[in-house]
Student: 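Just passing along the structure, written as structure tokens.
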Amino acid sequence: MTVGAFLIASVLPDRHEWLNTVKDVLPFVVLLASILAAAIIPALRTRRWRWRLDDVELDLRHGVLTDTRTIIPVARIQHVDVRRTLIAQAAQVASVVVHTAAGQTEIPAMTEADAALVRDRIAGLIRTPDDD
């Protein structure tokens with residue numbers, strides 16, 4: 001995006017003095033906007049995650065502009081695991097991934113201890129009497 005701003009600024013004509021000012025400032029404005037977006041958007045995404053787990057269902061809600069709600073019956077969960085990427089390990093966070101026949105759903109940005117507790121709670125709920 002910043003490269004595009006530099007290219008646009010280089011091809012604009014030099015007819016007006018105010019346009020020269022815009023050409024000089026445009027790439028830096030785009031760079032600043034990109035840095036702010038990279039810092040703010042992930043924080044908004046993780047801040048808007050809500051979830052609730054009971055004996056019957058896992059209820060997930062997330063979204064900033066659009067609120068998405070996903071309800072997964074505990075009876076449909078096949079297995080659950082904790083995912084830690086290299087960056088997440090550096091930040092000491094993890095995600096709980098719930099697998100069903102329809103695919104997988106993730107609860108992101110939990111502490112590693114909380115993720116392990118949630119995984120163990122879900123695993124306990126999906127365990128059938130034959131598994132013991």
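Values below: all heavy atoms of this structure, side chains included; hydrogens, waters and symmetry mates excluded.
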Student: Just jot down the side-chain contact (heavy atoms from CB on, under 4.5 Å) partners of Asp67, sequence neighbours excluded, or say none.
Tutor: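 For Asp67 the side-chain contact (heavy atoms from CB on, under 4.5 Å) partners, ignoring immediate neighbours, are Arg61.
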
Student: Minimum heavy-atom separation for Val98 and Ile122, please, with both atom names.
Tutor: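 Answer, listing the atom of Val98 first, then Ile122: CG2-CD1, 4.0 Å.
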
Student: If the threshold is 4.0 Å, N to carboxylate O, is there a salt bridge linking Asp114 and Arg119?
Tutor: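 So Asp114 does not pair with Arg119 through a salt bridge.
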
Student: Determine whether Ile71 and Leu58 make a side-chain contact, defined as any pair of heavy atoms from C-beta on separated by less than 4.5 Å.
Tutor: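 No, side chains not in contact.
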
Student: If we only count heavy atoms from C-beta on, is the Trp51 to Val96 side-chain gap below 4.5 Å?
Tutor: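 Answer no - side chains too far apart.
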
Student: Determine whether Val56 and Val74 make a side-chain contact, defined as any pair of heavy atoms from C-beta on separated by less than 4.5 Å.
Tutor: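 Result no, sub-4.5 Å side-chain heavy-atom pair not found.
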
Student: Start with the C-alpha distance between Arg52 and Glu57, add both sets of side-chain angles, then the distance that settles side-chain contact (heavy atoms from CB on, under 4.5 Å), and finish with yes or no.
Tutor: CA-CA 8 Å; Arg52 182 182 55 83; Glu57 65 188 18; 3.1 Å; yes

Student: Grab the two heavy atoms, one from Ile72 and one from Thr105, that are nearest each other, plus how far apart they are.
Tutor: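 Heavy atoms of Ile72 and Thr105 come nearest at CD1-OG1, 3.6 Å.
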
Student: Do other residues, nucleotides or ligands put more than 12 heavy atoms under 6.0 Å from the CZ atom of Arg121?
Tutor: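 Yes, CZ of Arg121 has more than 12 neighbouring heavy atoms, counting only those of other groups under 6.0 Å.
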
Student: If I take atom CD from residue Gln78 and atom OG1 from residue Thr100, how far apart are they, to the nearest 0.5 angstrom?
Tutor: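 Going from the CD atom of Gln78 to the OG1 atom of Thr100 covers 6.5 Å.
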
Student: With side-chain contact (heavy atoms from CB on, under 4.5 Å) as the criterion, how do Met110 and Trp49 come out once you've worked through the C-alpha distance, each side chain's angles and the decisive distance to 0.1 Å?
Tutor: CA-CA 10 Å; Met110 303 175 76; Trp49 269 93; over 6 Å; no

Student: In residues 80-95, what donor-acceptor pairs under 3.5 Å come from side-chain atoms, sequence neighbours left out?
Tutor:
from, atom 1, to, atom 2, distance (Å)
Asp81, OD2, His99, NE2, 3.3
Thr85, OG1, Ala88, N, 3.1
Gln89, NE2, Arg84, O, 3.4
Ser95, OG, Glu106, OE2, 2.8

Student: What residues form a side-chain contact (heavy atoms from CB on, under 4.5 Å) with Asp120, not counting sequence neighbours?
Tutor: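 With sequence neighbours excluded, Asp120 shows a side-chain contact (heavy atoms from CB on, under 4.5 Å) to no residue whatsoever.
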
Student: Pick from Leu53, Val97, Leu60: which one makes a side chain to side chain contact (heavy atoms under 4.5 Å, CB included) with Ile107?
Tutor: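 Single pass found, and it is Leu60.
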
